[in-house]
Amino acid sequence: RAKETGRNNYQFYTPAMNERALERLRLEGDLRLALEHDQFELHYQPQVDLRTGRVTGMEALVRWQHPTFGMVAPARFIGLAEETGLIVPIGAWVICAACIQAKAWQDAGLGELRVAVNLSARQFVQKDLAASIASALQQCGLAPHCLEIELTESLIMDDVEHAIGAMRELAALGVHLSVDDFGTGYSSLSYLKRLPIHALKIDQSFVRDIGSDPDDAAIVATIISLAHSLRLQVIAEGVETAEQLEFLRSHGCDAMQGYYFSKPVPAGEFETVVGNNIQIADLPSFK
Ligand code: C2E
Ligand code: MG
Ligand code: MG
Ligand code: MG
């Protein structure tokens with residue numbers, strides 16, 4: 001039948017399509033077993049204070065160690081986990097594992113580092129979210145202000161009335177809240193001031209061309225001053241070069257995260273990375 005409807009329709013039957021559909025089915029089946037088989041792992045990306053050059057916290061990012069595909073990045077399975085609802089138990093595991101690790105690093109003398117975890121839409125509508133986070137914190141003995149929950153701007157704006165209520169419950173526990181991928185959604189400024197948040201995270205798409213695209217530079221500078229007018233911290237994501245870092249620092253950005261300082265690393269490598277402070281005085285403008 002494909003032949004009759006023309007050449008272009010052949011593409012519908014390509015082996016590549018079948019492979020993709022099969023891979024999806026396979027991943028979905030495997031994802032159901034991944035938690036009980038202990039195949040998830042957190043990598044940690046340090047966040048650096050731009051005034052002191054010191055690491056003050058880290059973002060926990062999940063990876064799936066698949067028995068045959070190897071390391072699977074979140075972009076390949078978080079969507080699937082969302083659709084199937086598996087993100088709820090996976091997300092709960094992420095929060096627990098991140099809190100346990102942060103507490104272990106504190107006990108090892110690394111200081112009061114704050115760990116940030118990403119929250120997905122399905123988790124955000126769970127009625128017992130605040131209660132389960134409270135019990136995770138209590139079980140591992142981590143102070144609530146050492147946990148930060150990242151919510152994307154679009155997730156918040158999707159149902160802003162629900163978001164305000166749910167975020168107030170979380171804030172009441174004492175955990176910090178931040179808006180992830182800020183600038184990519186459509187925040188209404190009047191809502192922004194009603195949200196109990198501590199920080200905005202500037203999306204990496206604006207940071208990338210900060211040095212060559214005046215519009216991106218203007219957007220980043222505006223987000224920084226907006227955050228500060230609302231008495232919020234501001235952290236830049238995806239910082240890869242000294243020039244980007246210097247732009248951010250000279251515009252008063254509070255903190256940064258990106259390959260320039262470190263990629264996300266397995267827990268075992270984190271202690272070494274924490275020791276490598278950025279020498280603020282070595283930045284280009286000081287030369
Ligand atoms: P995100 O929360 O915005 O995390 C930042 C992503 O940017 C991470 O990708 C990180 O590795 C990457 N990144 C950091 N610095 C740089 C840089 O300098 N250059 C470039 N090009 N990229 C950089 P990753 O780990 O692949 O995670 C992708 C997304 O998957 C995250 O975006 C987050 O939305 C989601 N995700 C990761 N872990 C979890 C999780 O535990 N739960 C949920 N719900 N989502 C997660
Ligand atoms: Mg994030
Ligand atoms: Mg982000
Ligand atoms: Mg993102």
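One-based numbering along the sequence shown. Both counts, for ligands and for their atoms, begin at 1 and track the order of listing.
- Residue Q257 places no heavy atom under 4.0 Å from ligand 1.
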Would T152 and F182 count as a side-chain contact (heavy atoms from CB on, under 4.5 Å) if you check the C-alpha gap in whole Å, the side-chain angles of each, and the deciding distance to 0.1 Å?
CA-CA 7 Å; T152 63; F182 187 79; over 6 Å; no
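- Between E23 and R76 there is a salt bridge, since a side-chain N of the basic residue sits under 4.0 Å from a carboxylate O of the acidic one.
- The shell of residues lying under 4.0 angstrom from ligand 1, judged by heavy atoms, includes E59.
- Ion pairing between R194 and E161 holds under the 4.0 Å rule for side-chain N and carboxylate O.
- When distances to the Mg ion (ligand 2) are checked against a cut-off of 2.8 Å, T152 contributes no N, O or S atom below that limit.
- The nearest non-hydrogen atom to atom 28 (C) of ligand 1, considering only P74, A73, A121, A116, comes from P74.
- Using a cutoff of 4.0 Å between basic side-chain nitrogens and carboxylate oxygens, R51 and D254 are scored as salt-bridged.
- Ion pairing of R24 with E83 is present here, as a side-chain N (NZ or NE/NH1/NH2) and a carboxylate O approach within less than 4.0 Å.
- Each of the following atoms of ligand 1 lies closer than 4.0 Å to a heavy atom of D181: 3 (O).
- In the vicinity of Q45, heavy-atom distances shorter than 4.0 Å reach the ligand 1 atoms 14 (C), 15 (N).
- Take the N/O/S atoms of E150: the one nearest the Mg ion (ligand 2) is OE1.
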Output, in order, the C-alpha distance, side-chain angles, deciding distance and verdict of side-chain contact (heavy atoms from CB on, under 4.5 Å) for E41 and M71.
CA-CA 10 Å; E41 178 179 324; M71 192 70 90; 4.1 Å; yes
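- For Q204, every heavy-atom contact with ligand 1 shorter than 4.0 Å involves the side chain, none the backbone.
- Under a 4.0 Å criterion applied to the non-hydrogen atoms of G238, ligand 1 contributes the atoms 16 (C), 17 (C), 18 (O).
- Within the listing of ligand 1, atoms 17 (C), 18 (O), 19 (N), 20 (C), 21 (N) sit less than 4.0 angstrom from a heavy atom of E240.
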One pair to check against side-chain hydrogen bond (donor to acceptor under 3.5 Å, both in side chains): Q65 and Q39. What are the steps and the verdict?
CA-CA 5 Å; Q65 194 64 60; Q39 289 166 356; over 6 Å; no
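- Side-chain contact, T68 with R26: a donor N or O sits under 3.5 Å from an acceptor N or O.
- When N118, L155, D180, L61 are checked for heavy-atom proximity to atom 42 (N) of ligand 1, N118 turns out nearest.
- Here is the list of ligand 1 atoms found below 4.0 Å of a heavy atom in V94: 41 (O).
- Residue contacts with ligand 1 include P264, since one of its heavy atoms falls under 4.0 Å from the ligand.
- Taking every heavy atom of G258 and a limit of under 4.0 angstrom, the matching atoms of ligand 1 come to 15 (N), 18 (O).
- Ion pairing of K201 with E59 is present here, as a side-chain N (NZ or NE/NH1/NH2) and a carboxylate O approach within less than 4.0 Å.
- With respect to the Mg ion (ligand 2), E59 has OE2 as its nearest N, O or S atom.
- Look at R63 and you'll find a heavy atom under 4.0 Å from some atom of ligand 1.
- Vertex the Mg ion (ligand 3); arms to E237 atom OE2 and D180 atom OD1; angle 90° (nearest 10°).
- At a heavy-atom distance under 4.0 Å, only side-chain atoms of E237, from C-beta outward, approach ligand 1.
- We find that E246 and R249 are joined by a salt bridge, their nearest charged nitrogen and carboxylate oxygen being less than 4.0 Å apart.
- In this structure, W64 and H66 have perpendicular ring planes: the angle between them is above 60°, well past the 30° mark.
- Relative to atom 22 (N) of ligand 1, the option among Y259, W93, F40, F77 with the closest non-hydrogen atom is Y259.
- The Mg ion (ligand 3) lies closest to atom OD1 when only the N/O/S atoms of D181 are considered.
- Taking the six-membered ring wherever Trp is involved, the centroid distance between the rings of F270 and H43 does not fall below 6.0 Å.
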